[in-house]
Protein chains: 2
Amino acid sequence: MVKITDVARHAGVSPSTVSYALSGKRPISEETRQRIEASIRELGYRPHAGARALASSRSNVLALVVPLRAGIHVPVVMQFAVSVVTTARRHDHDVLLLTQEEGEDGLRRVADTALVDALIVMDVQLHDRRLPLLRALDRPSVLIGFPSEPKGLTCIDLDFQAAGEACVEHLAGLGHRVIALVGSPPEVYVRETGFAQRVVRGFTAAADRHGLSSSVHPCEAAPGAARQVAEQLLRERPALTGVVVHNEPIVEPLIEAFEQLGLRVPGDLSVTAICPDELADGTRVPVTSIAIPSAEVGATAVELLMKKLGGATVPEATLLPPRLTVRASTAPRP
Amino acid sequence: MVKITDVARHAGVSPSTVSYALSGKRPISEETRQRIEASIRELGYRPHAGARALASSRSNVLALVVPLRAGIHVPVVMQFAVSVVTTARRHDHDVLLLTQEEGEDGLRRVADTALVDALIVMDVQLHDRRLPLLRALDRPSVLIGFPSEPKGLTCIDLDFQAAGEACVEHLAGLGHRVIALVGSPPEVYVRETGFAQRVVRGFTAAADRHGLSSSVHPCEAAPGAARQVAEQLLRERPALTGVVVHNEPIVEPLIEAFEQLGLRVPGDLSVTAICPDELADGTRVPVTSIAIPSAEVGATAVELLMKKLGGATVPEATLLPPRLTVRASTAPRP
DNA sequence: GCGTGATGTCGAAGCGCTTCGACGGGCGAA
DNA sequence: TTCGCCCGTCGAAGCGCTTCGACATCACGC
């Protein structure tokens, strides 16, 4: 293994000079730097990560805690993770993957052993058990999702309430007067994941504001359940012309159910969804939707973390504004 | 931060004794060990990862390189990753997440800086550009998938050839005489990913062995393409009664296409697939399938790596036997 | 001509841990 | 009784890097 002393000798300088040339923490003459860089290339020098971490008390590694639970849309998690890794690399950091399963002990472990400099925690619940620990830890963290009490933490997510509102605005703008929200499975609300309730809140508030008749319907993430909800809606709310779906797996089945029940989309019924773009684009009738901007959330989370590592203070809450993409599933009220 | 000298002082022993008590590399009297463990608990001691890595030249971190490419079924990757993390933790290791995008430089970087002790590389192609590097690296690695020349490497994957065969055996056992394989998109074969060809080979060999009439049809991963293939099959091979699908996204669309064309599954047509169990179970007609055992592959990959790190030699090729689960989509020939 | 402040470089002291050689005491074999 | 050996423990020497203080050099203003 070639080490910093080898480079120093080869370049005719002291090890500390090499170190400073690499880190830029002290001025080094252009000429010396050139010589050092040439030596580094020639010898193929790579600083030892452990030694660096020990001496500088910075590992240049971020922890990413991913959820395992059922009901989480896996591609979104993956996209998020990839975006975190990519952005972290841009800041010369690597990413350690942890699973929810490891729980608080896992967080404590990687933080206390100085394996990581900072943490990103996905799928934060309203009353997440990890919150006290995250507040107490001596390393910065960023949470994806909003707990009920974000004081002292840094949180980021899509603004789900605004997303719910935006869907309603869009439908209202098209003249719809009777609308429904087909939501996530009941357990998601019980679990207090926050974002599901926020959609409901935004949906209801906007509907009220526009004087629309609205209703909310939790729904299991299975095609059969979608069919049932569709039937129920036709039965109980025959004047319905607008639907907002916040439940990835049933977007397509729900539309099909409506069509099999004789409603054309968007001819008789307009449908909008809050879901990843790939999903909205991949259905037979492309769906007007608000994207889950997982890549953007991931990148922003890393940027926030970098600022915190740099000693800057960042806002406690970062809400990404929803962006609605109009596709083929919505039309003016018939 | 509490360090090993603090523990040593508190327990009335020397730092090296604490170290040996922790690592078990030298005998320590039961009594002393007890005392040390008590001190560790009381002080909340956690060894510094960087210091440990520096002194022992073991970071206890594994690199996991995940693919990004389109056409890869994301949930499978995620499931695999989770399984790797879980198994690694069981061996007191952590997992660093790398993306394919980083390429050879990324591999070299984490290996040369001693950030990781070993590597797991997913989605290995037949003529993967990373192979020479992996062979040359001074740390062990395990590949998921088989290159054309696995000499000097350690590879593991589902035995896709046997999987193709098993599907045919199943259909043949049910009396089917005319069968077809609906495969992956053409570019997958061009890309030389190996596993797709292996399925074809197994399929064809088994069909020949049983004297069945067989054909192979690459297919894009889109519902429209599924429909086209279905029509083509009905037109060109009217006696067809058995189909093997190796293309996750179109399993369901293909079955639907057949049914819309007037064929009942499994009444008129038996369908088997090679796909994740969740997918096979989630369709309207649950599909008889051979699972992609991602969790098992991940766990086994880690175990192999641990053996290699322990100095043991492991087989170059590990092929996981296919397991066929009979569901509702196959029946005896009408 | 001299103090002053950058500028560029060096040497040495750690960072916290592992590991090697050494050593004292107890035990069985001779 | 003595020799040798194993067991349990200690001290010290690193592992490869960063960083702090020191120092020499040079340009500048007065």
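In what follows, chains carry the letters A, B, and so on, assigned in the order in which the sequence lines appear, proteins first and then strands, with residues in each chain numbered from 1.
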Main-chain N/O of A:L115 paired with A:S59 side-chain donor or acceptor, under 3.5 Å: yes
Show each protein N/O and nucleotides 23-28 of chain C N/O combination with a separation under 3.5 Å, one pair to a line.
none

Test log, rule salt bridge (Lys or Arg N to Asp or Glu O under 4.0 Å), inputs A:R109 and A:E102: CA-CA 10 Å; A:R109 182 174 58 81; A:E102 285 228 55; 3.1 Å; yes
Are the side chain of A:D94 and the backbone of B:L96 linked by a donor-acceptor contact shorter than 3.5 Å? no
Would you please name every residue forming a side-chain hydrogen bond (donor to acceptor under 3.5 Å, both in side chains) with A:D159, sequence neighbours left out? none
End-to-end bend of the helix from C:dG1-D:dC30 to C:dA30-D:dT1 (five-pair axes, 10° rounding)? 40°
Check: residues 5-14 of chain A side-chain donor-acceptor pairs under 3.5 Å, at least two apart:
unit_1: A:D6; atom_1: OD2; unit_2: A:K3; atom_2: N; d: 2.8
unit_1: A:H10; atom_1: ND1; unit_2: A:S39; atom_2: OG; d: 2.8
unit_1: A:S14; atom_1: OG; unit_2: A:S16; atom_2: N; d: 3.4
unit_1: A:S14; atom_1: OG; unit_2: A:S16; atom_2: OG; d: 2.9
unit_1: A:S14; atom_1: OG; unit_2: A:T17; atom_2: N; d: 3.4
unit_1: A:S14; atom_1: OG; unit_2: A:T17; atom_2: OG1; d: 3.2

side-chain hydrogen bond (donor to acceptor under 3.5 Å, both in side chains) against A:D112, all qualifying residues, sequence neighbours excluded: none
Distance below 4.0 Å between B:K25 side-chain N/O and C:dT18 OP1 or OP2: no
Non-neighbouring partners of B:K308 that pass side-chain hydrogen bond (donor to acceptor under 3.5 Å, both in side chains), sequence neighbours left out: B:T154
Got a sec, which residues hit salt bridge (Lys or Arg N to Asp or Glu O under 4.0 Å) with B:E316, two or more places apart in sequence or on another chain? B:K151
Kindly state each residue pair satisfying salt bridge (Lys or Arg N to Asp or Glu O under 4.0 Å) with at least one member in residues 22-40 of chain A, sequence neighbours excluded. A:E30-A:R33
With salt bridge (Lys or Arg N to Asp or Glu O under 4.0 Å) as the rule and sequence neighbours excluded, what pairs involving residues 293-306 of chain A come up? A:E296-A:R323
With sequence neighbours left out, what residues match B:R129 under salt bridge (Lys or Arg N to Asp or Glu O under 4.0 Å)? B:E104
Tell me if a side-chain donor or acceptor on A:S83 pairs with a main-chain N or O of A:A295 at a distance below 3.5 Å. yes
How would you summarise protein contacts on nucleotides 9-17 of chain D per nucleotide, using B for base, S for sugar-phosphate only and - for none, with heavy-atom distances below 4.0 Å? BBB--BBBB
Mind listing the N/O atom pairs, protein and nucleotides 26-28 of chain D, below 3.5 Å?
none

